[in-house]
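Report on the following structure.
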Number of protein chains: 2
Amino acid sequence: MEKEISQAVIRRMPRYYRYLGELLEEGVERISSNDLSHRMMVTASQIRQDLNNFGGFGQQGYGYNVKYLYDEIGKILGLNETHNIIMIGAGNLGQAITNYVKFERFGFIITALFDVKPSLKGQTVRDIPIYMMDELDDYCKKNKVDIAALTLPKEKAEDTAQHLVNLGIRAIWNFAHVDLDLSDKSVVVENVHLSDSLMQLSYNIVKNSK
Amino acid sequence: MEKEISQAVIRRMPRYYRYLGELLEEGVERISSNDLSHRMMVTASQIRQDLNNFGGFGQQGYGYNVKYLYDEIGKILGLNETHNIIMIGAGNLGQAITNYVKFERFGFIITALFDVKPSLKGQTVRDIPIYMMDELDDYCKKNKVDIAALTLPKEKAEDTAQHLVNLGIRAIWNFAHVDLDLSDKSVVVENVHLSDSLMQLSYNIVKNSK
DNA sequence: TAGATTGTTAATCGATTAACAATC
DNA sequence: TAGATTGTTAATCGATTAACAATC
């Protein structure tokens, strides 16, 4: 494996990607790390350091070609490939995320939802079918699944995640309010803890009012 | 203002809170930083350092009283007070979050939703009314609003946020895929960028498969 | 009292920023 | 060629970990 890149850097890459996308829409052809640093409110040094973890995308005296850099960061983030996602849990959150079509632009395709609630059986969200949980094993055997998104109660999250890993799934997008402790440490887990985020906000409100 | 506490520490506080809550449910009365560090997969040193930013909550030779520490962290995070939230955008995501009752346990109460779509007028989500956007000013004048959650298209996010700030709102929970650049820098903004999170996941998938 | 474990200081590690030689 | 701006090394800053004296 190559030199490990810190998660601090990875966290910033989607933000670069977003700003470059905006520049592209504005028709900007090239940008210097200095100009970009003013837009993004970070230092030019950090931008250059971050990018040079992955390669030399710029040119002295010129700066960075927006389109080229945008595409390269896209590749770094794996957006040049399609990722099939299944939603485990077809409740409000699961359906909301499924309805959020924007992800498809980046190559993330939701292909199926799963739930235990019998009344959901046979229903669809944007033409995407909702299956029952007992159909999961069969589905995973017959279809390519890259990511499983967990939008189910935290009590069921751990067991379900382990089951998904046993079925061969290598990546979990976890919305349940627990830290998943999986047997296979090579499985990638990305947590979205909405209440944590709300609590951080709340902390900053209290601090500010002092 | 007191000594500034780093965001790295703040980000970890909700996690401590969650683990202490679990210990509480398990009926555990006291815990040492060492035991907790094993459960949470962090160093005991970090736990003690983090907590001592806010005060000495433990006792030599004993450790930490779970209930006491849980409550104290709750206070630090502002969970001892109620926070009224309005949802700006009553689409799928707005409704999904509104339906997520768990937040109420921590004192976050969603009191109203707002949208521009006429067909939503007069509708409710869990008995919480959906209003039209032109009723927003009036609502904010008559009701205490602590947090505005933005679940609307990114094109409208910036202007709407600025409008909310003008109405006196001091905290924004932003789900729109933009960085809000507000005139009043004392307004607290907490971003939830779902696509950024998905891209981080995607990066780690690509990296892992190498 | 002896043992356990904190609170806190000191040492280390990693990430950010600054500086500048290389080069387009 | 001169000017601009990168890529990269060095310096600084901040966060994490280790160590231990204080103390329950």
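Lettering of chains follows the sequences in order, A, B, ..., and the numbering in each one begins at 1. Small disclaimer: the values here were computed from a predicted structure and weren't measured.
Listed nucleotides C:dT8, D:dT16, D:dT8 differ in distance to B:Arg12; the shortest reach to its side chain belongs to D:dT16. Closest contact between the side chain of A:Gln46 and the listed nucleotides D:dT8, D:dT6, C:dT17 involves C:dT17.
By the 6.0 Å and 45° rule, A:Arg30 stacks over the aromatic ring of A:Tyr62.
Considering only side-chain N and O atoms, A:Tyr64 lies nowhere under 4.0 angstrom from the phosphate OP1 or OP2 of D:dA4.
In this structure, B:Ser45 reaches the bases: a heavy-atom distance under 4.0 Å links it to at least one base atom across the strands shown.
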message: If you apply the rule side chain to side chain contact (heavy atoms under 4.5 Å, CB included), what do you find for A:Arg15 with A:Val42, and how did you get there?
response: CA-CA 11 Å; A:Arg15 189 155 178 264; A:Val42 297; 3.9 Å; yes

message: I'd like to know whether B:Arg126 forms a salt bridge (Lys or Arg N to Asp or Glu O under 4.0 Å) with B:Glu104, so could you lay out the CA-CA distance, the side-chain angles of the two residues, the decisive distance to 0.1 Å, and finally the verdict.
response: CA-CA 13 Å; B:Arg126 281 204 295 126; B:Glu104 292 190 354; 3.2 Å; yes

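Rounded to an integer number of Å, the gap from CD1 of A:Ile47 to C1' of C:dT16 is 13 Å. Residue A:Asn65 contributes atom CG, which lies 13 Å from atom P of D:dT6 at whole-angstrom precision. Residue A:Arg48 contributes atom CZ, which lies 12 Å from atom P of C:dT17 at whole-angstrom precision. Summarising the geometry, the separation between CG on A:Asn53 and P on D:dG7 is reported as 12 Å, rounded to the nearest angstrom. Distance, B:Gln60 CD to C:dG3 C1': 13 Å, rounded to whole Å. Between the P atom of C:dG14 and the CD atom of A:Gln7 lies a distance of 15 Å, rounded to the nearest Å. In this structure, the CD atom of A:Gln49 is 14 Å from the P atom of C:dA19, given to the nearest Å. Taking atom NE2 of A:His38 as the reference point, atom C1' of D:dT5 lies 13 Å away to the nearest angstrom.
The stretch residues 17-34 of chain A does not touch DNA chain C, since none of its heavy atoms comes less than 4.0 Å from the strand.
Rounding to the nearest 0.5 Å gives a distance of 11.0 Å between OG of A:Ser195 and CD of A:Gln200. Note that CZ of A:Phe54 and CD1 of A:Ile73 are 8.5 Å apart. Values are rounded to the nearest 0.5 Å.
Across the strands present, C:dC24 finds its partner in D:dG3; the criterion is a Watson-Crick or G-U wobble pair with both atom distances under 3.5 angstrom. D:dT9 is paired with C:dA18 under the Watson-Crick or G-U wobble criterion, all donor-acceptor distances under 3.5 Å.
Under the 4.0 Å criterion applied to side-chain N and carboxylate O atoms, B:Asp50 and B:Arg48 are not assigned as salt-bridge partners. Looking at A:Asp196 and B:Arg18, a side-chain N of the basic residue comes within less than 4.0 Å of a carboxylate O on the acidic one, giving a salt bridge.
The residue among A:Gly61 and B:Gln59 whose nearest nucleotide of DNA chain C lies closer to the 5′ end is B:Gln59. With DNA chain C read from its 5' end, the first of the two nearest nucleotides for A:Ser6 and B:Gly56 is the one closest to B:Gly56.
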